[in-house]
Amino acid sequence: MQLLELFRRYHKQAAKVALVVGSILLLINQHDALFGYQKIQWLPAVLTYCVPFCVFMLGKLSSERDCQKSSRLNVTVSRYR
């Protein structure tokens, strides 16, 4: 599966996951900046949302490839190992 096609299919789900997980990580990592004790570090803050998005997309890519391999072999592979 092409990465662009995967992005089209799952970008909304990935964005939701990134928003939830990224917000939790931002609270943990930038707590002092969010509550006024220090300046916020913008690059790490942005990356905090990018990482869960990329992890979600790579997980979907891996899952899709596993499913394609199993369909060629006529072997049922559970998506939830």
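Numbering starts at 1 and runs along the sequence shown. No experiment lies behind these values; they were computed from the predicted model shown.
With rounding to the nearest 0.5 angstrom, the CG atom of Leu58 is 12.5 Å from the OG atom of Ser63. Here Thr48 contributes atom OG1 and Ile24 contributes atom CD1; the two are 12.0 Å apart, rounded to the nearest 0.5 Å. Between the CZ atom in Arg9 and the CG atom in Leu4 there is a gap of 12.5 Å [rounded to 0.5 Å].
Residues Gln30 and Lys39 fail the side-chain proximity criterion, which asks for heavy atoms closer than 4.5 Å. When side chains are defined from C-beta on, Leu25 does not count as touching Tyr49, because their heavy atoms never get closer than 4.5 Å. Within the 4.5 Å cutoff, side-chain heavy atoms of Lys60 are placed close to those of Gln13.
Criterion: ILVMFWY side-chain heavy atoms under 4.5 Å apart, direct or through other members. Under it, Ile40 and Ile28 are not part of a common hydrophobic cluster. Note on Leu61 and Val21: same hydrophobic cluster, where clusters join Ile, Leu, Val, Met, Phe, Trp and Tyr whose side-chain heavy atoms are under 4.5 Å apart, directly or indirectly. Criterion: ILVMFWY side-chain heavy atoms under 4.5 Å apart, direct or through other members. Under it, Leu27 and Tyr37 are part of a common hydrophobic cluster.
Across every non-hydrogen atom of Gly22 and Pro52, the tightest pair is N-CG, 4.1 Å. Contact record, Leu6 with Glu64: CD1-CG, 4.0 Å, taken as the closest heavy-atom pair.
For Glu5 and Tyr10, the side-chain atoms include no donor-acceptor pair closer than 3.5 Å.
A parallel orientation is assigned to the rings of Phe7 and His11, their planes being inclined by less than 30° (bins at 30° and 60°).
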